[in-house]
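Quick notes on the structure that follows.
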Amino acid sequence: MLMLELALAGLGIGAIAALAGLGLLVTYRLTGVFNLAFGAIAMSAAYLQWQAVRVWHWPVAVAAVVVLLVVCPLFGVLLERVVFRPLQRRAAAPAERLVASLGVFVVLLGVAVLVWGAQARLDAPSLVPYRQLPLPGGVQLPLSTAVDLAVILLVGVALVLGLRTRLGQRVRAVVEQRELAELQGLDANRVAALGWVIGCVLAGVAGILMAPTLRLEPYGLTLVMLETMAVVVVARLTSPFRAILAGLVIGVSQAELARVHPTGHAGPLFDTLTSNLFVVALLLALLIVHRFDETGSTDSGTTARLTSRGALTPIRGWWLVPALTLAAPLLFNAENRRLALAVPALAIVLVSIVVVSGYSGQISLGQAGFAGLGALFAARLAAGTMPGFGHVPGVAVLALAPLLVVPIGLLLGWPAIRRRGLFLALTTFAFSVAVSRFVFDQPSVTSGLTIRPPHAFGTDNNFYVLELLCLAGAFLLVRNLHNGRVGRALVAVRDDEPGALASGVDVRRLKLLVFAASAGLAALGGALLAMGSRAFDTSAFDPIRGLIWFAAVVVFGIDSAPGAVIGAGVLVALDAGLPEGSSILVIGVCAFLLGRMPGGLLHSVHRFIDHSLRRRGASVRDLVPIAGPRPARLTSAGRSVALMMQRRTAAR
Amino acid sequence: MSASPALEAHALCKRYNDVVIVDHVDFAAEAGRITVIIGPNGAGKTTLFNCLSGVETIDAGNVRHRGDDVTGWSSDALSRRGLARTFQRSSVFPTLTVADNLCVCAENRTRRGIMRGVIGLSDPASRSSRQTVRRVLAELGLTALADVPAGRLPTGTLRIVEVGRALCANPDTLLLDEPASGLDDAETEKFHQLLHRLAGRDLAVVMVEHDLELVVDTADVVYVMAEGRIVVSGPPSEVLIRADVQTRLFGRPT
């Protein structure tokens with residue numbers, strides 16, 4: 001009977017995972033956005049529920065109704081109005097929407113940390129009273145699991161049937177071909193808002209049902225929700241029933257495997273594998289699944305149109321801003337300089353994101369993993385405990401550690417780069433989670449590790465100079481990747497991949513090269529980050545941290561390396577001067593508003609300066625529009641013309 | 001040199017799921033000749049192009065380039081081999097200047113030198129690439145536009161830029177997918193002369209084209225394609241007057 005009871009316990013976990021995955025899938029189908037904020041919305045709903053019940057002492061049912069039927073729908077409408085509609089208006093690439101959802105994610109996380117603190121709470125109110133339902137055969141099923149199962153079944157059936165109704169058809173039309181749907185007279189905005197409302201309510205349901213089983217904690221709960229992406233990947237973003245089945249199977253296997261305890265060296269590893277079965281499943285699924293059934297027609301995972309390149313005339317001497325940012329700490333007092341040690345290191349990590357996502361147009365959400373590995377390798381190399389290496393002296397560590405990370409980058413990039421961009425985004429994130437769980441969280445790997453700056457650069461001042469030298473080296477590499485033959489080829493790939501292939505550019509090799517270089521840069525930055533803080537701190541390389549870094553890079557201009565330096569300065573300064581969570585919040589709010597400031601914060605400032613200070617009159621270049629898809633706003637006359645042209649093309 | 005054609009396909013097949021798009025096509029393009037594929041919409045012309053140029057995988061059959069089997073080669077490898085193409089929908093790089101658009105193709109004729117670029121050494125072939133670009137720009141009359149970002153140019157000019165880009169691969173075989181669409185009469189006339197100059201230089205030019213006037217003026221060989229098959233091929237003067245071809249192209253006579 002033990003087997004059956006374990007299976008039922010696993011069913012509880014599986015049902016929650018299935019519910020979260022299903023919610024993510026439904027959101028994707030209804031909005032066309034792979035909503036990275038799904039976990040954060042769920043987390044926020046759970047916190048609101050906690051606040052209402054535990055602090056304001058509302059009855060559980062009332063709180064749930066308010067949160068799920070008032071707050072969540074309003075938030076959905078707000079998201080559509082403020083974040084996604086402006087993006088839609090200027091026909092933003094799907095990748096921009098992915099990033100905007102990342103912005104929502106970061107905002108919610110920042111708010112949660114600021115309001116409720118980062119510590120875990122164990123008293124999340126349960127919506128379902130604790131009761132056991134007796135089943136035939138003498139086993140018992142917790143009522144909460146039964147409720148979870150009922151909810152997922154309901155959502156699955158509603159999705160399949162709902163998409164067949166007239167309204168469902170409209171939703172699909174808007175998601176697949178928004179312009180055509182609008183030509184047919186559909187109010188696409190309202191349909192999209194409906195999609196977001198449903199998506200947010202489902203996230204809220206998942207969060208509130210999940211919180212009592214797990215700990216209520218901003219980072220933890222969000223991350224757990226993100227892990228259930230495994231379920232969505234198995235379902236190839238389409239089949240709700242496959243998602244449900246995957247969730248239940250993984251949950252039950254996890255419970256069953258927990259019974260097995262192999263002895264010896266394999267023991268701890270096996271335990272880690274089973275307790276992180278969703279991460280394992282996510283990695284495996286990403287390797288096995290070949291194609292997503294994505295909505296729309298364009299690749300949702302490239303950053304092609306996030307770039308600001310060529311749009312404005314550069315302002316002379318603007319590089320002084322990042323240069324001064326870096327020079328200032330040399331004049332600081334000892335305490336502040338210690339804090340500023342993080343700036344060049346973080347700048348290198350952010351530059352690594354600029355290289356892979358800005359120049360090469362691939363979304364990599366896993367830089368925290370590479371940075372952490374760089375720090376880990378550096379620490380072990382310096383201590384002489386890296387297998388296969390003896391004691392490596394001082395500065396050589398900084399060269400060797402990134403070189404060791406590069407092959408890992410190649411190994412990860414090889415399968416992912418052959419597929420569409422969303423794959424790479426998810427694979428890199430899954431990698432970051434896996435490294436964090438299987439390497440950084442293993443006491444045998446990281447316990448007792450100390451790391452300090454190389455002997456010759458022991459004082460803070462000298463170490464800062466060493467960091468600046470490394471940053472200069474990074475900038476040299478970046479310049480080589482941005483200019484000349486490589487840079488041109490990269491822009492070509494980003495602008496038009498078939499065209500680049502037809503021009504003889506070996507796109508796959510080029511992408512892989514850039515990906516590996518970026519992994520090496522991130523490792524260098526990570527090693528410096530750990531040396532500066534004189535400790536290998538696993539939480540500094542948390543997967544969520546990688547998402548925040550990515551959002552920061554987008555905000556400060558995804559293809560601007562000097563922007564990354566400014567971004568690093570701002571992040572470190574905000575963290576030092578303000579309460580925990582505020583730097584996250586600032587980045588999040590900026591990312592939130594990407595729809596209104598294309599090209600990022602600095603680019604918008606630049607454009608503002610360009611417009612207000614232009615002395616020699618408007619340059620012709622700015623008046624001629626750049627070719628590209630037009631925004632989908634048409635007057636009624638425009639609509640009939642478009643319809644006519646469409647008919648004519650069809651007839652030809 | 002053997003007498004094998006520049007580009008040759010044998011029993012080429014391409015399916016999407018169960019729909020056969022290209023059905024046992026035999027095709028050959030000779031050096032120094034202009035070969036044109038015509039046919040109604042949906043006949044599979046562009047898909048045939050994509051199969052020939054490695055953009056799409058082939059389900060059955062084989063492709064030979066200068067006598068060597070290149071079946072299954074990728075599009076970039078074929079381009080480096082001298083089989084260049086343009087697209088029906090413009091594929092120029094809008095944020096690069098016209099000169100840089102051409103330069104991308106010229107400097108990627110070989111894969112060597114990429115790593116040198118990464119570590120900051122100069123590309124040994126960059127001078128010859130620059131020369132190629134200058135020569136092609138002059139030949140196509142684009143020199144004045146060299147430093148203009150391609151995204152700011154009208155469609156007709158973009159067509160020419162794309163042809164120029166393909167020419168920078170130093171190709172022996174040039175595939176052009178509806179190159180004259182979007183050109184005005186004067187541009188079409190100039191384009192017509194360019195095609196003859198290229199064929200005179202022993203290039204094999206293969207074209208998908210709807211403008212029958214241009215086809216009659218330029219083509220040495222015409223392939224008529226319908227429903228995935230080659231219906232008939234031969235010199236335009238013989239092919240285009242056939243009643244069954246006319247029915248295919250213009251519908252039944254009334």
Side-chain angles (χ1 to χ4, degrees), chain A residues 304-305 307-311 355 359 361 418 473 475-510 512-514 516-517 520 559 619-629 649-652, chain B residues 41 50 53-55 74-87 89-97 100-111 113-123 125-126 129 148-155 158 162 165-166 168-169 175 210:
Chain A
R305 300 198 53 232
T307 160
S308 51
R309 191 176 168 121
V355 167
Y359 297 168
R418 300 151 71 97
F475 263 82
L476 269 180
L477 178 68
V478 166
R479 199 201 59 176
N480 296 339
L481 289 174
H482 200 36
N483 297 337
R485 179 176 169 186
V486 185
R488 260 192 302 275
L490 281 174
V491 177
V493 173
R494 220 175 41 181
D495 272 4
D496 194 304
E497 192 165 322
L501 280 165
S503 307
V505 178
D506 190 340
V507 174
R508 207 180 280 171
R509 197 199 261 198
L510 194 67
L512 206 55
L513 176 80
V514 173
D559 56 355
S619 77
V620 186
R621 276 172 44 153
D622 289 346
L623 296 177
V624 187
I626 299 181
T649 348
R652 242 205 332 160
Chain B
N41 262 351
N50 287 345
S53 60
V55 172
S74 65
S75 153
D76 55 317
L78 286 172
S79 165
R80 292 191 295 271
R81 230 190 108 90
L83 188 139
R85 74 164 289 176
T86 68
F87 290 85
R89 286 175 67 174
S90 167
S91 75
V92 296
F93 314 123
T95 55
L96 288 179
T97 63
D100 278 350
N101 258 280
L102 270 60
C103 198
V104 167
C105 194
E107 61 197 357
N108 283 293
R109 279 178 293 195
T110 164
R111 284 196 288 197
I114 285 265
M115 281 315 284
R116 285 176 63 95
V118 173
I119 55 174
L121 299 173
S122 64
D123 183 4
S126 77
S129 307
V148 180
R152 294 170 200 268
L153 296 173
T155 327
L158 288 183
E162 207 174 335
R165 192 179 70 191
C168 281
L175 305 184
H210 277 299

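We use all heavy atoms of the structure for the numbers below, so side chains are in, but hydrogens, waters and symmetry mates are not. Please read these numbers as outputs of a predicted model, since none were measured by experiment.
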**Report entry** Ring-face cation contact, F87(B) with R85(B), 6.0 Å cut, 45° max
**Finding:** yes
Query - Close side-chain approach of V148(B) to L153(B), heavy-atom, < 4.5 Å - result: yes
Report summary line: What one should report as the nearest heavy-atom pair of N101(B) and F93(B) is OD1-N, 2.9 Å
Query raised in the report: Out of curiosity, L96(B) CG to C103(B) SG, how far, rounded to the nearest 0.5 Å?
Result: 9.5 Å
**Report entry** Under 4.5 Å from any heavy atom of chain A - which part of S90(B)
**Finding:** backbone
Query raised in the report: With respect to chain B, which residue among V486(A), N480(A), N483(A) yields the maximal number of heavy-atom pairs within a distance under 4.5 Å?
Result: N480(A)
Query - Donor-acceptor pair, side chain of N50(B) and main chain of V55(B), under 3.5 angstrom - result: no
Report task. Side chain from CB out, backbone as N, CA, C, O: work out which of these in R509(A) comes under 4.5 Å of a heavy atom of chain B, or both, or neither. Result -> side chain
Query raised in the report: Which one, A492(A), G484(A), P498(A), A489(A), leads in non-hydrogen pairs under 4.5 Å with chain B?
Result: A492(A)
Query - Portion of V104(B) that has a non-hydrogen atom of chain A nearer than 4.5 angstrom - result: both
Query raised in the report: Using non-hydrogen atoms only, which part of I119(B) is less than 4.5 Å away from chain A: side chain, backbone, both, or neither?
Result: backbone
Report summary line: When the 4.5 angstrom heavy-atom criterion is applied to A500(A) and chain B, the contacting part is both
Query - S126(B) and E107(B), any side-chain heavy atoms less than 4.5 Å apart - result: no
Requested in this report: Please flag which part of V92(B) lies under 4.5 Å from any non-hydrogen atom of chain A: side chain, backbone, both or neither.
Outcome: backbone
Report summary line: One option among S129(B), C168(B), A166(B), G117(B) has the most heavy-atom pairs under 4.5 Å with chain A, and it is G117(B)
Query raised in the report: Given a strict heavy-atom distance threshold of 4.5 Å, which part of R165(B) is in contact with chain A: side chain, backbone, both, or neither?
Result: side chain
Report summary line: So, the part of L513(A) with a heavy atom under 4.5 Å from chain B: the answer is side chain
Query raised in the report: Is the side chain of N108(B) donor-acceptor paired with the backbone N or O of S503(A) at a distance under 3.5 Å, no angle test?
Result: no
Report task. Apply the side chain to side chain contact (heavy atoms under 4.5 Å, CB included) test between V493(A) and each candidate in L510(A), V514(A), L501(A); give the one that qualifies. Result -> L510(A)
Query raised in the report: If we only count heavy atoms from C-beta on, is the E497(A) to V505(A) side-chain gap below 4.5 Å?
Result: no
Requested in this report: Under 4.5 Å heavy-atom distance to chain A, tell me which part of S53(B) shows up: side chain, backbone, both or neither.
Outcome: neither
**Report entry** Largest heavy-atom contact set with chain A, pairs under 4.5 Å, which of R109(B), R80(B), R111(B)
**Finding:** R111(B)
